[in-house]
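Structure, as structure tokens:
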Amino acid sequence: MMIKPGITELSKCVDSRYTLVTMAAKRARMIGKHNNSEDNEIDYNHEKDKPVSIAANEIAGGKVGYVRSEAVALAAEWEAEKTAAIHSLGNSETEEERTTEEISEEEESETDN
């Protein structure tokens, strides 16, 4: 049996299928544990709807989202630092070239005098 919403609709809510599967599995586990507890705040027919279907509906409805781990944030920060370092190296090479040109011009002017 196919679950609704479909994969194409759910894919619009995430950046990859891996993220979608992981998010749906984690949310379905949470719903399953919650169904077994006495405090049941989720308003679905638990006898009819399975936890994965509930999770898929919540993802499509925007009730469930995700946040990337700190490792991804650190990698982005390192990438920005690397880019800045590369740009600063490019600028320092330009300054060195100017310095070399200025020195050679000074030497030429001294030779002319």
Side-chain angles (χ1 to χ4, degrees):
M1 177 159 94
M2 299 274 300
I3 60 169
K4 299 287 181 183
I7 188 76
T8 53
E9 185 178 339
L10 290 170
S11 294
K12 295 175 186 175
C13 303
V14 294
D15 61 349
S16 69
R17 288 184 179 177
Y18 176 78
T19 303
L20 175 62
V21 170
T22 303
M23 192 166 63
K26 286 183 178 183
R27 181 61 182 145
R29 280 191 213 109
M30 290 170 61
I31 293 168
K33 287 180 183 177
H34 206 293
N35 288 347
N36 295 333
S37 69
E38 295 175 9
D39 182 28
N40 197 350
E41 297 175 6
I42 302 172
D43 56 344
Y44 285 98
N45 182 359
H46 301 291
E47 293 175 7
K48 181 182 174 191
D49 295 331
K50 304 225 184 271
V52 175
S53 298
I54 296 169
N57 287 324
E58 288 180 351
I59 293 168
K63 294 179 182 177
V64 178
Y66 66 97
V67 176
R68 290 283 174 210
S69 69
E70 288 192 35
V72 174
L74 284 175
E77 184 179 323
W78 291 339
E79 189 67 29
E81 290 176 2
K82 182 177 84 173
T83 303
I86 289 171
H87 287 295
S88 70
L89 284 174
N91 291 339
S92 67
E93 288 175 1
T94 305
E95 291 173 6
E96 288 175 11
E97 290 173 3
R98 288 181 190 161
T99 306
T100 306
E101 290 174 6
E102 291 173 2
I103 291 171
S104 63
E105 288 175 6
E106 289 175 6
E107 289 175 353
E108 289 176 5
S109 66
E110 289 177 3
T111 314
D112 292 339
N113 289 337

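Bear in mind that the values here come from a model prediction, so they are computed numbers and not experimental data.
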How long is the straight-line distance from NE2 of H87 back to CG of L89, given to the nearest 0.5 Å? 10.5 Å

Restricting to side-chain contact (heavy atoms from CB on, under 4.5 Å), what partner residues turn up for A75, sequence neighbours left out? none

Can you name the closest pair of heavy atoms from E9 and A60 and give their distance? OE2-CB, 4.0 Å

To the nearest 0.5 angstrom, please state how far the CG atom of L10 sits from the CG atom of L20. 5.0 Å

What's the spacing between I59 CD1 and R27 CZ if we round to 0.5 Å? 9.0 Å

Among all residues two or more places apart in sequence or in another chain, which pass the salt bridge (charged side-chain N to carboxylate O under 4.0 Å, His left out) test with K12? none

Contacts of S11 meeting side-chain hydrogen bond (donor to acceptor under 3.5 Å, both in side chains) (sequence neighbours excluded), chain-then-number -> none

Salt bridge (charged side-chain N to carboxylate O under 4.0 Å, His left out) partners of E79, counting only residues at least two apart: K82

Residues passing the side-chain contact (heavy atoms from CB on, under 4.5 Å) test with T19, sequence neighbours excluded, are V14, D15, S16, Y66, R68

Quick one: closest heavy-atom pair of P5 and A56, and the distance? CG-O, 3.8 Å

Treat each ILVMFWY residue as a node, draw an edge where side-chain heavy atoms are under 4.5 Å apart, and state whether I7 and V64 are in one component. yes

Apart from W78 itself, members of its ILVMFWY cluster (side-chain separation under 4.5 Å) are L74

Listed partners of A28 passing side-chain contact (heavy atoms from CB on, under 4.5 Å), at least two apart: P51, V52, A55

